[in-house]
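Structure first, commentary second.
Lettering of chains follows the sequences in order, A, B, ..., and the numbering in each one begins at 1. Just so it is clear, the values below take in all heavy atoms, side chains as well, and ignore hydrogens, waters and symmetry mates.
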Amino acid sequence: MDSRRRPVLGHRWLPAPKRKRLRRRGIKPSAHGQWKRAPARASGGVARGERPTGGSPAGATLPRFVGGDGTAGRGERTWRSAAPWSRGGRFDAGMTPMGDGGKGDGNLGGGDKAGGQQSLGKGGGKQADGQKGGGDGGKGGSQLGITPRATDYAAWYQDLVLKGELADYSPVRGCMVVRPYGWSLWERIRDIFDRFFKETGHQNAQFPLFIPMSFLAKEASHVEGFAKECAVVTHYRLKAGANGIEPDPESKLDEPLIVRPTSETIIGAMYAKWVQSWRDLPILINQWANVVRWEMRTRLFLRTTEFFWQEGHTAHETEQEAREETLKMIEVYRKVAEEYLAMPVLVGQKSAAERFAGAVETWCIEALMQDGKALQAGTSHFLGQNFAKAFEIEFAGRDGQRQNAWTTSWGVSTRLIGGLVMTHSDDKGLVMPPRLAPIQAVVIPIWRKDEEKAAVASYVDGFVAKLKAAGVRVHVDDREQFKPGYKFNDWELRGVPLRLEVGPRDVAAGKCVLARRDGGEKQIVDVAGLETRLPELLEQIQAALFAKAKAFRDASIHRARTYEELVKTLEEKGGFVLAPWDGDAAVEAKVKEECKATIRCIRAEDAGESAPAIGTGQPTTQWVLFAKAY
RNA sequence: CGGGGCGUAGCUUAGCUUGGCUAGAGCGCAGCGUUCGGGACGCUGAGGCCGGAGGUUCAAAUCCUCUCGCCCCGACCA
């Protein structure tokens with residue numbers, strides 16, 4: 001096929017590995033470019049690769065058919081349960097090149113940033129590689145292939161998500177694949193919220209993925225907000241065309257559909273149909289769904305083109321009721337964020353500029369990441385009658401008058417997972433708060449001999465059953481291809497809160513080694529009573545994580561009295577900066593332009609002391625929180 | 001969309017400036033053996049024709065043109 005381009009060197013048709021293999025067996029290309037066996041040299045000279053050792057003798061003749069039965073021998077798994085998440089490729093590279101490369105010149109992250117998706121590993125190694133073959137034997141310290149936070153926070157985050165197997169990039173630009181471990185985390189978050197939603201009277205339902213394009217236009221500011229990032233469906237059929245397959249022009253839709261970026265419009269249209277009387281209200285519906293917003297720049301979990309979320313949509317008879325709903329749900333968000341994700345948040349309102357497109361008021365929970373940037377972790381909108389008017393959600397009131405309903409909407413997304421990662425994790429990997437951790441405790445059995453293995457196994461079985469009965473999510477890592485040390489690091493990377501190391505010595509003593517992921521301290525404890533001890537310890541860890549994050553957050557709230565001070569503080573210290581602001585949008589815009597910081601949240605409790613507002617100098621009692629944000 | 005950078009094995013990459021020996025390596029993967037309390041080791045093996053298409057040339061991973069994709073920086077956002 002290729003031959004026209006390589007008419008001469010016939011042997012080059014073979015793939016390189018194949019050539020290499022043949023070469024090893026002493027077969028070389030002849031002058032005519034054909035492969036043939038080299039004449040055995042001297043006396044029965046054994047060509048390389050034909051070594052008559054164990055395994056397969058005649059290497060050249062029956063190459064790689066061995067092992068056909070190789071699987072049989074290892075079928076005998078005894079107390080086995082597959083890891084709850086099949087992990088495909090182990091985490092790979094990264095750990096390698098850094099190991100020796102970094103040593104050569106003691107550099108650290110001197111590497112170019114360019115790598116992006118695989119930025120790590122590029123770091124050291126490279127330039128000094130003249131000595132390739134040599135290597136330096138030594139294991140490059142404790143490099144786990146995770147970029148340290150101090151070196152490059154964004155790369156660190158990416159390493160954790162990828163190597164912790166929470167998510168992976170997909171072939172679709174900007175869209176991620178949430179892997180089983182990441183999804184199990186989301187399922188836990190989802191279930192917790194879902195329970196609270198139901199407790200507050202909401203029901204789940206499901207609305208279409210597609211929305212008629214015209215719907216979007218019905219609410220003026222809503223279009224403005226979303227028009228720029230909508231995926232549009234224009235055809236419903238493909239056909240073979242000049243350049244392969246293409247949309248069939250005959251199948252063009254009369255009215256294009258958009259893929260929902262959010263569902264206010266289509267839900268509004270349905271509510272209009274369902275609401276006739278005040279007796280039909282309130283309508284309290286939530287949907288768990290995926291939405292699409294065509295983002296320019298994406299980051300795993302934090303901003304992807306498609307993301308997974310929950311959107312609650314309610315319609316009420318009165319303004320007050322709708323306002324109460326808005327606040328009730330932001331409180332649910334606060335509660336779950338703080339009590340389950342152990343992620344402290346500030347609760348407040350958005351400025352007009354930051355408000356949801358179409359909302360009258362937007363309330364938010366705002367978290368702070370370890371790098372000093374804020375993260376909007378959830379929003380609840382009081383939509384007034386904007387959508388009710390646009391979609392004619394009308395009803396006959398108690399007084400017989402026809403009127404518009406008052407609506408709200410509120411949502412949290414898989415972005416919370418990004419927040420979770422950036423709130424607690426460290427240079428060794430993820431750190432999961434126990435209430436959320438898919439696995440709360442992992443057991444690492446240790447043995448040398450088969451008798452030990454059996455003894456350890458039954459010992460472990462004994463207490464693991466009790467732990468499970470006590471409601472602890474425990475997993476036994478009995479993989480035989482990895483040594484204990486490897487497993488320690490592996491589970492630390494995954495953020496499992498507790499690790500139990502159990503070896504022959506422990507079996508004899510009725511003990512085990514208990515290690516905490518946060519802090520990392522180890523202690524030897526009695527196995528008896530673990531089922532009461534672990535749940536307590538898990539709660540302590542939960543509390544400790546929250547306390548630590550909160551202390552950091554609180555220490556990261558600064559004050560500024562003037563515009564200059566605000567800018568300086570944002571640049572030098574990061575975090576939240578509280579400053580007097582009188583509502584002037586121009587000043588807000590100026591801050592945004594100058595230092596990429598926005599008003600994250602306006603809290604009633606920050607109001608107080610009267611001061612000249614930044615920018616305008618007008619006296620104001622309103623103090624607002626600025627920050628750079630994700 | 002504007003500005004930069006990068007595409008060589010599953011991953012990280014060497015080679016490209018100055019075309020030519022068989023495209024090297026580390027990790028990972030498979031088999032066997034020894035190991036197993038903080039990422040073990042040995043041996044053997046599998047796996048690339050260099051993002052794609054043209055062109056120049058006796059000869060292209062390497063030079064030229066086009067193209068596709070990805071990453072970074074900016075404008076937008078949960």
Side-chain angles (χ1 to χ4, degrees), chain A residues 2 5-9 11-24 28-29 49 51 53-56 59 63-64 66-67 70 73 88-101 112-123 125-126 129-130 132-133 135 139 142-145 154 169 171 173 225-226 228-229 261-262 291 293-298 302-304 307 309 354 356 364 375-379 411-416 418 444 446-449 452-453 480 482-490 492-493 501-506 513 515 522 629-630:
Chain A
D2 230 3
R5 297 197 55 198
R6 307 176 205 279
V8 189
L9 309 171
H11 62 271
R12 296 195 60 175
W13 300 342
L14 289 170
K18 189 153 286 180
R19 268 179 278 144
K20 206 186 298 181
R21 200 185 324 138
L22 292 172
R23 216 181 309 135
R24 287 200 192 101
K28 296 191 166 168
R51 58 184 69 258
T53 42
S56 59
R64 67 222 79 131
V66 266
R90 303 293 32 250
F91 52 83
D92 23 36
M95 54 196 291
T96 342
M98 300 200 99
D100 55 358
D112 44 345
K113 304 255 195 182
Q117 179 162 338
Q118 303 93 334
S119 59
L120 58 159
K122 274 197 147 165
K126 214 44 177 312
D129 67 29
K132 262 304 170 181
K139 258 300 171 232
S142 59
Q143 285 293 355
L144 301 180
Y169 289 99
R173 181 195 146 75
F226 287 107
K228 286 166 292 187
E229 49 187 20
T262 180
V291 288
R293 296 181 187 175
W294 216 263
E295 301 290 350
M296 311 272 185
R297 184 108 113 253
T298 59
L302 300 173
R303 171 165 303 108
T304 46
F307 60 95
W309 77 343
E354 300 290 321
F356 175 74
C364 63
L375 180 78
Q376 181 178 127
T379 48
V412 293
S413 71
T414 38
R415 177 180 245 200
L416 283 172
I444 315 281
I446 298 161
W447 71 82
R448 291 167 192 250
K449 294 169 260 173
E452 289 176 343
K453 177 180 165 187
E480 299 195 10
F482 299 115
K483 293 187 13 173
Y486 180 97
K487 295 178 182 177
F488 297 170
N489 288 293
D490 194 31
E492 281 170 359
L493 170 62
E501 306 167 15
V502 185
R505 294 203 296 269
D506 302 304
V513 173
K522 280 189 183 190
Y630 276 99

Query raised in the report: What's the spacing between A:E295 CD and A:K228 NZ if we round to 0.5 Å?
Result: 11.0 Å
**Report entry** Nearest-0.5 Å distance, CZ of residue A:F482 to CD1 of residue A:I444
**Finding:**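 Here the rounded value is 11.5 Å.
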What is the distance, to the nearest angstrom, from the [atom1] atom on [X] to the [atom2] atom on [N]?
X	N	atom1	atom2	answer
A:E480	B:rA30	CD	C1'	17 Å
A:N489	B:rG37	CG	P	12 Å
A:I444	B:rG38	CD1	P	12 Å
A:W294	B:rC76	CH2	C1'	15 Å
A:E295	B:rG74	CD	P	15 Å
A:F488	B:rA40	CZ	P	11 Å
A:F226	B:rA78	CZ	P	7 Å
A:I446	B:rG38	CD1	P	8 Å

Requested in this report: Return the nucleotide paired to B:rG10: Watson-Crick means purine N1 to pyrimidine N3 with N6-O4 or O6-N4, wobble means G-U with N1-O2 and O6-N3, both under 3.5 Å.
Outcome: B:rC27
Query raised in the report: Hey, is the side chain of A:K522 pairing donor to acceptor with the base of B:rG37 inside 3.5 Å?
Result: no
May I ask you to say what [X] touches in the nucleic acid, namely base, sugar-phosphate or nothing, with a heavy-atom cut-off under 4.0 Å?
X	answer
A:T298	nothing
A:V412	nothing
A:L302	base
A:S413	base

Candidates [options] - which lies nearest the side chain of [X]:
X	options	result
A:R415	B:rC76, B:rA78, B:rG37	B:rA78
A:D490	B:rA78, B:rC36, B:rG39	B:rG39
A:R297	B:rG74, B:rC76, B:rA78	B:rG74
A:P484	B:rC36, B:rA78, B:rG38	B:rC36
A:E229	B:rC76, B:rA78, B:rU35	B:rC76

Query raised in the report: By centroid distance (under 5.5 Å) and plane angle (under 30°), are A:F307 and B:rA78 in a stacked arrangement?
Result: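 According to the criterion (under 5.5 Å, under 30°), yes, A:F307 stacks.
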Requested in this report: Could you walk me through whether A:E452 and A:I446 pass side chain to side chain contact (heavy atoms under 4.5 Å, CB included), step by step?
Outcome: CA-CA 8 Å; A:E452 289 176 343; A:I446 298 161; over 6 Å; no
Is the distance from OP1 or OP2 of [N] to the nearest side-chain N or O of [X] less than 4.0 Å?
X	N	answer
A:R293	B:rA78	no
A:K487	B:rG39	no
A:K228	B:rC76	no

Requested in this report: Please state whether the rings of A:F307 and A:W309 are parallel, tilted or perpendicular, taking 30° and 60° as the class boundaries.
Outcome: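 Rings of A:F307 and A:W309: perpendicular, over 60°.
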